[in-house]
Amino acid sequence: MRLEIEDSATLTFDDGSPVRSASAIAPFGDGWLVVQDDATHAAWWRPDSITPVRVIDPIDGLDEFSAAAGTKHLKPDFEAACALAGGKVLLLGSGSSPNRMRASLVGSSGYTVADLRPLYLAVAAALGLTEEQLNLEGACLVGDRLRWFQRGNLTAGAASASADVDAAALLAAVRGEAPPDLVRVGEVRVHDLGDVDGVALAVTDAVTLPDGRVLVSAAAEDTPNAVDDGPVLASGLALLDGGFVEIPGAEKVEGLTIREVTGDGVRLHAVVDADDHDAPSRRLALRLILR
C-alpha cells in the first residue's frame, strides 16, 4: 500500500471566514459537504465556492462553539458523515456527552434532527463501554448495515472498535418513523491498529472500498479522555484486514471520502482538523495505491 498527497489547500468560506474543526466529508450535490464539529452549519465545497449549509438549529442561540468562549460543551460534535442514495447525507454525533447523541439528515431542501440517546447507550453497552467512554468518530455503510467506529483511547480504557447497526432502522429513527431504542445493534469488532511511541492509533473515520474492504483514517493522539485534544504523534490510513501508511507531518485526518476509483486503488478527499478554533481546516487530495 502506497500513499501520495496530490494536493493540499486550506478551506475558507466565500466571505473569507475559516472552515473550522473539519470532522467529516461526504459527497453532496455537485460538490462535497465538509462537517464542522463545533458549528451548526457545514461547508458546501463546490468547484468555485464554499458556502454554509445549516445542519441543526442554533443551540442556546449560538451557531459556533469554542473552549475560549466557554461554550465547547454545547457543540453538536457531528463526527461522521455517510452519503445516502438520493443525495442526502447522514451526520452522526460523537456521543461523548448527552447533547452529542444526535443525528442530522441533510438534503438540498433542509435537514431533520433526531435525538438518538437510547441507541447511543445501546452501542456503548454492546462495546462494553460506559457512557463517559463513548466517542464514535467514524461510520460507513457496509451492505445494509452502518458500521460505527469508536475512536479508542487506551488511557481511558477504551479500545478502537466498531458496532454494526441496521441502516434502514437507523434512518427510520432519524426520520421519526420508529423509536431509536428499536434499532438493532449487531456484530462488534475490536481493531488493533498498532501504536506510535506507546500511543495507540485510533479510528477517526472510515470508508468502504469497492471490493468490500474497509479503509479507516487513524490518529495517535495523546489525550486522557474523549473530550480534550492532545498532541498528535502520527496519522494515516489503515486497511482493517492489514496494512498502514502514514501521512507525513502528523496531519490529524478527521474525515475521509472516496472521490475516484482507479485501476490500482482509490483517490480520496481527506479533511484535517487543526485543533485550533481560529485556524482554517485543510483538505488533502490523496491517491492510495493498493497494489
Side-chain angles (χ1 to χ4, degrees), residues 1-8 22-29 31-35 37 42-43 45 78-92 94 103 106 135-152 160-165 167 170-171 187 189 191 193 201-219 235-247 251-273 281-291:
M1 189 163 66
R2 184 162 60 90
L3 181 69
E4 299 175 2
I5 299 177
E6 297 182 314
D7 189 27
S8 172
S23 57
I25 180 172
F28 187 70
W32 309 88
L33 193 69
V34 179
V35 182
D37 71 18
W45 166 34
F78 291 124
E79 289 282 356
C82 290
L84 306 173
K88 292 187 176 182
V89 177
L90 176 66
L91 309 185
L92 294 163
S94 67
V106 184
N135 190 21
L136 300 167
E137 290 216 3
C140 61
L141 293 170
V142 182
D144 61 357
R145 297 156 293 161
L146 181 132
R147 189 157 296 164
W148 214 347
F149 287 86
Q150 163 76 10
R151 181 172 173 177
S160 284
S162 63
D164 287 356
V165 301
L170 171 59
L171 289 173
E187 186 173 354
R189 298 170 176 84
H191 308 290
L193 304 179
L201 286 159
V203 176
T204 61
D205 204 2
V207 294
T208 304
L209 298 176
D211 62 7
R213 290 185 294 173
V214 173
L215 176 75
V216 302
S217 54
S235 182
L237 305 180
L239 284 168
L240 292 185
D241 61 354
F244 174 78
V245 59
E246 187 171 345
I247 296 173
E251 302 261 28
K252 186 184 177 183
V253 171
E254 290 265 6
L256 197 63
T257 191
I258 295 173
R259 59 189 172 100
E260 181 187 1
V261 178
T262 65
D264 57 2
V266 290
R267 285 188 164 94
L268 306 131
H269 282 310
V271 290
V272 177
D273 182 1
S281 299
R282 296 200 313 116
R283 58 93 177 162
L284 304 175
L286 305 176
R287 181 188 179 197
L288 183 65
I289 299 169
L290 296 170
R291 63 175 185 271

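Just so it is clear, the structure is predicted and the values come from calculations on it, not from any experiment.
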Trainee: Quick one: does any side-chain atom of Asp205 pair with a main-chain N or O of Leu256 as donor and acceptor, under 3.5 Å?
Mentor: yes
Trainee: With a 4.5 Å limit on heavy-atom distance, are the side chains of Asn135 and Gln150 in contact?
Mentor: yes
Trainee: Search all heavy atoms of Thr208 against all heavy atoms of Ile258 and return the closest pair with its distance.
Mentor: O-CD1, 3.5 Å
Trainee: Considering all heavy atoms of both residues, which atom of Thr204 and which atom of Ser217 are nearest to each other, and what is their separation?
Mentor: OG1-OG, 2.7 Å
Trainee: Between Phe244 and Ala238, what is the shortest heavy-atom contact and its length?
Mentor: CD1-CB, 3.9 Å
Trainee: Classify the ring geometry of Trp45 against Trp32: parallel below 30°, tilted from 30° to 60°, perpendicular beyond 60°.
Mentor: tilted
Trainee: Can you name the nearest heavy-atom pair linking Ala270 to Leu286, along with the distance?
Mentor: CB-CD1, 3.9 Å
Trainee: If the condition is ring-ring contact (aromatic ring centres under 6.0 Å, His included), which residues does His191 pass it with, not counting sequence neighbours?
Mentor: Phe149
Trainee: For side chain to side chain contact (heavy atoms under 4.5 Å, CB included), just list the numbers for Val89 and Leu84, CA-CA rounded to whole Å, side-chain angles, deciding distance to a tenth of an Å, and then say yes or no.
Mentor: CA-CA 6 Å; Val89 177; Leu84 306 173; over 6 Å; no
Trainee: Should Val203 and Arg151 count as side-chain neighbours, where that means a heavy-atom distance under 4.5 Å?
Mentor: no
Trainee: Looking at every non-hydrogen atom in both residues, tell me the closest pair between Ala206 and Val214 and how far apart they are.
Mentor: CB-CG1, 4.1 Å
Trainee: If the condition is ring-ring contact (aromatic ring centres under 6.0 Å, His included), which residues does Phe28 pass it with, not counting sequence neighbours?
Mentor: Trp44
Trainee: Just so I know, are the side chains of Asp7 and Arg283 near enough to count as touching, which here means a heavy-atom distance under 4.5 Å?
Mentor: yes
Trainee: Between Met1 and Ile289, is a side chain to side chain contact (heavy atoms under 4.5 Å, CB included) present by the stated rule, with each step listed?
Mentor: CA-CA 6 Å; Met1 189 163 66; Ile289 299 169; over 6 Å; no
Trainee: Does a salt bridge link Arg259 with Glu6, judged by any charged N lying under 4.0 Å from a carboxylate O?
Mentor: yes
Trainee: For side chain to side chain contact (heavy atoms under 4.5 Å, CB included), just list the numbers for Val142 and Asp164, CA-CA rounded to whole Å, side-chain angles, deciding distance to a tenth of an Å, and then say yes or no.
Mentor: CA-CA 9 Å; Val142 182; Asp164 287 356; over 6 Å; no
Trainee: Heavy atoms, side chains only, cut-off 4.5 Å: are Leu92 and Phe78 in contact?
Mentor: no
Trainee: Are the side chains of Leu240 and Leu193 in touch, meaning some heavy atoms are under 4.5 Å apart?
Mentor: yes
Trainee: For the backbone of Leu136 and the side chain of Ser94, can you confirm whether one donor and one acceptor N or O come within less than 3.5 Å of each other?
Mentor: no
Trainee: Has the side chain of Arg189 got a donor or acceptor atom that lies under 3.5 Å from a matching backbone atom of Ala161?
Mentor: no
Trainee: For the CZ atom of Arg287 and the CZ atom of Arg2, what is their distance to the nearest 0.5 Å?
Mentor: 6.5 Å
Trainee: Are Leu90 and Val106 close enough, and set up right, to give a side chain to side chain contact (heavy atoms under 4.5 Å, CB included), and what steps lead you there?
Mentor: CA-CA 6 Å; Leu90 176 66; Val106 184; over 6 Å; no
Trainee: Hey, does Val216 have a side-chain heavy atom less than 4.5 Å from the side chain of Leu237?
Mentor: no
Trainee: Side chains of Leu146 and Cys82: closer than 4.5 Å at any heavy-atom pair?
Mentor: yes
Trainee: Is the side chain of Ser160 donor-acceptor paired with the backbone N or O of Gly152 at a distance under 3.5 Å, no angle test?
Mentor: yes
Trainee: Side chains of Leu290 and Asp264: does their closest heavy-atom pair fall under 4.5 Å?
Mentor: no
Trainee: For residues Val253 and Ser235, report the shortest heavy-atom separation together with the two atoms involved.
Mentor: N-OG, 3.3 Å
Trainee: With a 3.5 Å distance limit and no angle check, can you tell me whether Thr257 reaches the backbone of Ala26 through a side-chain donor-acceptor pair?
Mentor: no
